[in-house]
Amino acid sequence: MKIIVAIKQVPERDAMVRITPDAKGLEERDLQYAMNEPDAYALEEALQLKEKSGGEVVVISAGPERVGSTIREALAKGADRAIHVVCDNLAARDALGVARLLAAAIKPESPDLILTGLQSEDLGLGQTGVIVAELLNLPHASLILQVEVTGSEIKAKRELEEGWFQSVELAAPAVLTIQSGGNKLRYATLMGIKRAKTKEVRTVNASELAADAASVVTLDSITLPKKQKSTQMLSGSAKEAAAALVEKLKFEARVL
Amino acid sequence: MYRELIGAMTLALPILAEPRHFSILEKLLFVALAALSVYGFWSRFGVVLKKILQSKKDADFHLFPIGRRAWDFFWEVMCQAKVIRQRPLPGLAHAFVFWAFCAFALVTLNHCATGLGVGFLSPDSVAGRIYFYFAALFAIACAVGIAGLFIRRFLVRPKWLGEKLSWESGFIALLIFALMATYLAAFFVADASHMARVLWWAHTITLLAFLPLIPHTKHLHLVLSPATVFLSRGSFGRIPPLHGDEDFGLVTGKDLTQLVSLQAYSCVECGRCTEHCPASNTGKTLNPREIVLGVRGYLNEFGPASEEPLLGKYNSQRAVFECTTCGACEFQCPVGIEHVPILVGLRRGAVNTGAWEDQHGAKLFLALERGSNALGIASTERDKFVEKNALPLFDGTQEYCLWLGCMGGYDPKGREIILSLVKVMQHLGATFGVLRKEKCTGDPVRRLGNDLLFQQLAESNLETLTQSKTKKIISICPHCVRTIQEDWKEYGTPPPVEHHSEFLARHIDRLPQAGTGVPHVPRTWGPGNAQTTQAAKEKIVFHDPCYLGRYRNVYDEPRAVASLAGEPVEAPRNRERSFCCGAGGGLAFLGEETGERVSHVRAEELAATGATIVGAACPFCNTMFRDALAARGEGAPQLLDIAQLAARNLPQNNVN
Amino acid sequence: MSVLVVLEERGGKVSRTSWEAAAAALRLAPAQEITAVVVGARTEPLAAEAAAKVFGKVVRVEHPLLAHYTSDGYCAALHQLIQKESPTQVVFPHTYQVRDYAPALACRSGQTLIGDVIEIGDGPVFTRQLMQGRLNGSYRHAGAGPCFLSVQAGAFRADLPDAAAATPIETFSPSIDAAQIRTKPGEPFRGSAQTVDLGSAQLIVSVGRGIREAENISLVQDLATALGAELAASRPICDNGWLPMERQVGSSGQSVAPKLYLAVGISGAIQHLVGMKGSQCIVAINKDPDAPIFEVADYGIVGDLFEVVPALTEAVKAAKQ
């Protein structure tokens with residue numbers, strides 16, 4: 001079974017983010033990058049499927065040269081080979097534009113399964129996988145926690161709101177977007193890194209792919225949200241404080 | 001003249017009786033038996049030697065500088081220092097047995113030579129008399145010693161020698177006793193008599209029976225342990241670097257090095273390591289002696305070229321990951337076995353190959369793969385702490401770089417310790433700054449055996465330090481200190497680093513005593529010294545952190561600082577015998593312990609001293625004891641780091 | 001100018017988040033230009049409920065193959081509706097279901113969904129969160145063709161005026177072939193009820209040493225029940241056996257990241273913090289104003305938990321009515 005896992009390199013979660021003067025991007029200078037965590041779960045799912053029923057796991061990632069380190073990490077964790085879609089201006093593409101790029105690179109591989117993380121930690125759109133499925137005319141299911149494959153039948157456990165789950169059945173080839181937490185992630189090992197050195201990474205330039213970049217949605221500006229996290233201490237008698245808290249939870253935090 | 005005097009004196013005493021003449025038959029018999037004995041010895045010893053020599057060479061072994069090796073050999077082997085100091089009475093008994101063996105060297109040689117008709121030391125010559133009496137004194141001491149050890153093992157039965165009675169030990173004790181007895185008895189029979197011949201043959205048979213037993217039992221240490229002590233790695237708890245692309249640690253027999261194999265065969269099964277192990281003392285599976293014997297068992301069955309996993313039949317992964325790397329085992333071992341590199345090596349084999357599947361372990365590794373600290377907290381939290389407390393940033397001009405570490409940067413208690421130290425440093429006028437960005441030194445992942453992650457952390461931090469032009473580091477955490485100073489050496493040149501207790505002790509004369517505001521009068525640490533009144537109200541028991549005490553040999557400096565705040569009391573297990581708090585070896589980040597909790601056992605011991613304050617010098621010890629002491633309720637002693645003890649006596653107006 | 005709002009069903013009625021999406025739509029166009037859309041196999045009751053509010057019209061997209069949600073079904077049906085209605089905007093609530101099909105639907109019209117919008121400004125400019133809430137990004141839609149957007153739950157207040165006269169209802173029957181539906185959804189089920197799965201709990205009330213005795217835990221349990229939250233605890237409570245080990249949150253217990261984490265009588269030692277710091281909203285109740293837990297809390301009450309907790313339970317019960 002050939003599984004393609006689309007992974008994204010994103011700024012490290014606790015990186016200090018600074019907005020560029022033109023308010024259109026982030027200062028890249030001191031940023032450190034890591035693999036998008038939901039993609040790590042997608043990769044883990046793919047590796048476990050391979051361990052169970054054999055096959056090949058290919059990772060694909062789009063972005064500039066620095067994406068190579070995340071690709072190597074994926075190879076170190078057990079992927080067999082990789083495709084690097086070299087694109088220096090990924091941020092200029094909207095979700096549809098990025099999906100077109102990936103779909104064009106994936107198409108000639110004719111995989112049985114395409115896995116992506118549910119969403120990225122930087123933009124958080126959660127659309128790439130679904131659009132890729134649409135572009136390649138494949139069935140898809142999203143928010144998947146567990147996958148079972150028998151032949152070309154796929155059974156996936158999907159997460160619903162408020163603690164409900166659902167089983168979805170579909171036939172390969174298909175696309176699944178994987179939710180975090182379904183599996184236990186494996187850590188990168190010394191042995192894995194040493195083996196990764198001999199694995200193939202094929203580079204393909206974005207310009208070589210027939211993938212229209214014209215953006216439908218354009219970025220206007222990036223700003224800091226008005227409210228910063230600070231502790232609001234609620235005072236007064238027990239009754240008053242309790243009432244104030246319920247009010248905050250309902251309307252400000254919106255968790256009730 | 002003296003010669004005559006001694007000669008005259010000795011003439012009055014009996015001489016060692018020897019048979020005068022051996023027939024050809026007897027000589028042939030003797031030679032045949034001796035040959036059999038030597039063959040019996042070599043048939044096993046040769047195998048062991050081969051296994052050791054066929055093991056992988058230690059890539060980082062250097063024979064020179066030889067001074068330290070020679071000293072260790074003299075002190076630990078010849079003087080039996082560790083044997084005696086850590087278990088005095090049995091140790092002394094053993095020392096006599098050993099010294100007797102040394103003293104008997106010539107006796108035995110002469111004894112065998114006599115059997116072949118070429119005896120060289122005549123019992124009635126002056127030299128002969130002196131020497132044989134000298135040996136006789138040792139023989140008496142040895143006989144008494146071995147009898148005492150026999151009684152201890154078979155009648156007293158201390159727990160640490162194990163449940164099963166070792167019949168081979170009993171038999172060997174009997175043989176040794178017999179050797180001494182047959183020797184001493186020869187002073188009381190007539191020379192060249194029939195009895196002398198009987199005794200000679202009895203002594204010979206005993207000797208020839210003893211020789212082949214040596215390599216078949218733990219008494220192999222007689223031959224090996226002097227070499228083991230001489231050839232040891234050279235510093236406490238030293239983890240060797242990995243060598244080459246295929247080295248992942250101790251995975252299979254092929255990874256066992258000559259040093260490890262030698263050490264495995266040297267184990268004397270005394271159980272001193274197990275006696276001091278925090279895991280063994282709290283009902284865990286881990287038993288350091290069994291780890292070493294497990295390696296020996298593996299070598300006996302599979303050999304050094306085997307691909308059979310080391311963590312399988314003879315040792316379990318579970319036991320190996322219960323180790324806090326406190327080093328008490330290695331510290332105690334009288335024959336030079338270095339347990340810490342063996343345990344870490346076995347862990348490396350499991351982690352570097354991904355064979356270790358532990359959810360907490362994986363969480364720790366993943367947190368450090370994508371973040372900066374072992375706790376998985378956003379690094380912005382550290383930035384906020386630095387900003388909120390207006391800690392100066394290190395800009396290359398200050399004297400010290402104050403290393404916060406994971407605990408100092410993110411743990412509420414650790415932060416308190418940092419702020420106390422900051423107050424004291426400001427009072428002392430020492431300039432310092434904190435780095436803008438710090439990553440975990442990598443101590444937990446290093447001790448857990450994840451070399452990939454450790455290399456990444458070490459290299460990243462070394463880069464930061466070079467760029468920031470750090471000249472000296474001061475840290476509140478002994479784990480950070482150890483890792484920076486020793487373990488980072490594998491990947492670069494770390495700047496000098498010291499623990500805050502060392503810094504504070506150096507300035508002790510400028511730090512005020514409790515309640516007086518008067519600078520401390522330098523005095524030696526010890527009970528019974530006169531104290532100023534206020535300080536005497538508090539009783540302080542200082543807990544020696546493993547990584548400050550055993551690993552760094554720092555015992556007095558933190559005590560000097562602690563004595564600023566009260567009267568010192570000592571825990572029963574203190575200094576180099578300090579009982580671990582349970583956090584080391586990455587265990588603070590792993591899941592539930594089985595059995596009793598190490599931290600609770602130690603907290604009990606500390607509280608039982610009747611102290612009002614428990615003095616700590618490590619943020620991990622601090623966090624481990626926190627809950628344990630709090631569970632004792634109202635009467636529990638306060639838990640304070642020595643930085644806090646030093647800071648509490650500072651004049652109040654000394655703020656920033 | 002016309003705006004489609006796709007309403008979703010919850011327990012037989014229009015969901016709250018759908019009403020919020022409709023409220024968002026009102027920022028884009030006046031009510032008369034807004035068309036409410038309900039999708040399913042039997043949409044009459046839902047349509048009637050929608051018709052009670054002020055809309056231009058309500059469209060019932062009905063087809064037997066839409067009885068259960070599938071991405072293929074909804075995309076096919078809505079795509080045909082969009083082609084017929086040619087709206088300028090299509091608005092959705094940002095639910096798991098919408099995330100599953102709306103991007104594909106947008107793609108079919110050559111568009112890109114602007115998802116999880118928290119603010120709509122003049123332009124229109126759509127604001128959404130980046131870097132997990134640390135930054136905001138403002139976007140515009142370019143070109144011809146409908147603008148697809150989904151709206152974050154709770155970003156807009158769902159107070160729509162009632163219709164004075166009944167809103168007209170239309171029925172739209174898309175043509176869908178059974179062969180087009182490529183996924184087979186199963187019946188929804190709950191996670192195992194037996195074991196405590198704090199990891200998936202959305203609301204957690206956690207109790208610490210401040211509770212002093214085992215009997216007092218019932219106080220906190222009442223609060224948890226009122227909130228519909230799971231009960232959890234810090235290590236000492238589980239060590240004492242007052243609550244089972246599986247309820248322990250912390251470095252040696254579970255790691256949780258619920259929407260709401262209410263820490264009662266917990267000081268905030270690091271071993272506990274690392275287990276819950278990922279929670280979206282943290283509330284702390286502790287009598288010690290210097291307790292470290294307040295450093296990570298969004299809301300804090302310094303007070304006696306034996307007074308605050310019962311008061312809070314009452315307040316929560318009242319609010320839920």
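Order of the sequence lines sets the chain letters (A, B, ...), proteins ahead of strands, with each chain counted from 1.
When atom types are taken as modelled, the side chain of A:Glu44 and the backbone of A:Arg186 share a donor-acceptor pair closer than 3.5 angstrom. At least one donor-acceptor pair under 3.5 Å links the side chain of C:Asp72 to the backbone N or O of C:Arg182. Distance alone, capped at 3.5 Å, is enough to place a donor-acceptor pair between the A:Glu240 side chain and the A:Ser237 backbone.
Within the 4.5 angstrom heavy-atom criterion, only side-chain atoms of C:Val283, from C-beta onward, approach chain A. Looking at C:Gln129, only its backbone comes within 4.5 Å of chain A, counting heavy atoms on both sides. The parts of A:Lys248 that come within reach of chain C are both its backbone and its side chain, each placing non-hydrogen atoms under 4.5 angstrom from that chain. Neither the backbone nor the side chain of C:Thr70 comes within contact range of chain A, judged by heavy atoms closer than 4.5 Å. Residue contact with chain A, scored on non-hydrogen atoms closer than 4.5 Å, is absent for C:Gln180. Heavy-atom distances place no part of C:Ile118 under 4.5 Å from chain A, backbone and side chain included. Heavy atoms closer than 4.5 Å to chain C are found in the side chain of A:Glu134, but not in its backbone. Looking at A:Leu143, the atoms closer than 4.5 Å to chain C (heavy atoms on both sides) all sit in the side chain, from C-beta outward. When heavy atoms are compared at a cutoff of 4.5 Å, C:Leu203 approaches chain A solely by way of its side chain, counted from C-beta outward. Both the backbone and the side chain of A:Leu234 come within contact range of chain C, with heavy atoms under 4.5 Å apart. Contacts between C:Gln111 and chain A at a heavy-atom distance below 4.5 Å involve backbone atoms as well as side-chain atoms. In this structure, the portions of A:Ala95 lying under 4.5 Å from any heavy atom of chain C include both its backbone and its side chain. With a 4.5 angstrom heavy-atom cutoff, C:Ser71 touches chain A only via side-chain atoms. For C:Ala106, no part sits under 4.5 Å from any heavy atom of chain A, backbone or side chain.
Using the six-membered ring where Trp is involved, C:Tyr69 and C:Tyr101 have ring planes that are tilted, between 30° and 60° apart.
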Would you sort out whether C:Glu314 and A:Lys239 count as a salt bridge (Lys or Arg N to Asp or Glu O under 4.0 Å), showing the intermediate values? CA-CA 9 Å; C:Glu314 290 310 307; A:Lys239 230 169 155 212; over 6 Å; no
When you look at A:Ser215 and A:Thr218, which way does the side-chain hydrogen bond (donor to acceptor under 3.5 Å, both in side chains) test go after all the steps? CA-CA 6 Å; A:Ser215 291; A:Thr218 57; over 6 Å; no
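Most heavy-atom pairs under 4.5 Å with chain C, from the set A:Asp212, A:Val132, A:Asn137, A:Ile154: that is A:Asn137. Put simply, of C:Leu135, C:Ile114, C:Leu130, the one with the most heavy-atom pairs under 4.5 Å next to chain A is C:Leu135. Listed options A:Val168, A:Val216, A:Leu170 were ranked by heavy-atom pairs under 4.5 angstrom with chain C; first place goes to A:Val216. Between chain A and the options C:Arg99, C:Glu187, C:Arg128, C:His94, heavy-atom pairs under 4.5 Å are most frequent for C:Arg128. Comparing A:Met233, A:Lys155, A:Glu159 by how many heavy-atom pairs each has under 4.5 Å with chain C, the most go to A:Met233. The most heavy-atom pairs under 4.5 Å with chain A, out of C:Cys107, C:Gly110, C:Ala284, come from C:Cys107. Taking chain C as the reference chain and counting heavy-atom pairs below 4.5 Å, the highest number among A:Asp94, A:Thr177, A:Asp220, A:Val217 is found for A:Asp220. Put simply, of C:Val125, C:Ile301, C:Asp100, the one with the most heavy-atom pairs under 4.5 Å next to chain A is C:Asp100. The most heavy-atom pairs under 4.5 Å with chain C, out of A:Ser142, A:Ala253, A:Ala238, A:Pro139, come from A:Pro139.
Two residues are said to be in side-chain contact when any heavy atoms from C-beta on lie closer than 4.5 Å; C:Glu119 and C:Phe156 fail this criterion. Between A:Leu31 and A:Glu12, the closest side-chain pair of non-hydrogen atoms is not below 4.5 Å.
At a heavy-atom separation below 4.5 angstrom, chain C is approached by A:Leu118, A:Gln119, A:Glu121, A:Asp122, A:Leu123 within residues 112-123 of chain A.
Considering OG1 of C:Thr17 and CD of C:Glu8, their distance stands at 6.0 Å, rounded to 0.5 Å.
For the pair A:Arg158 and A:Phe165, the cation-pi test (distance below 6.0 Å, angle within 45°) is failed.
Counting heavy atoms of neighbouring residues, nucleotides and ligands inside a 6.0 Å radius, atom CZ of C:Arg157 does not exceed 12 of them.
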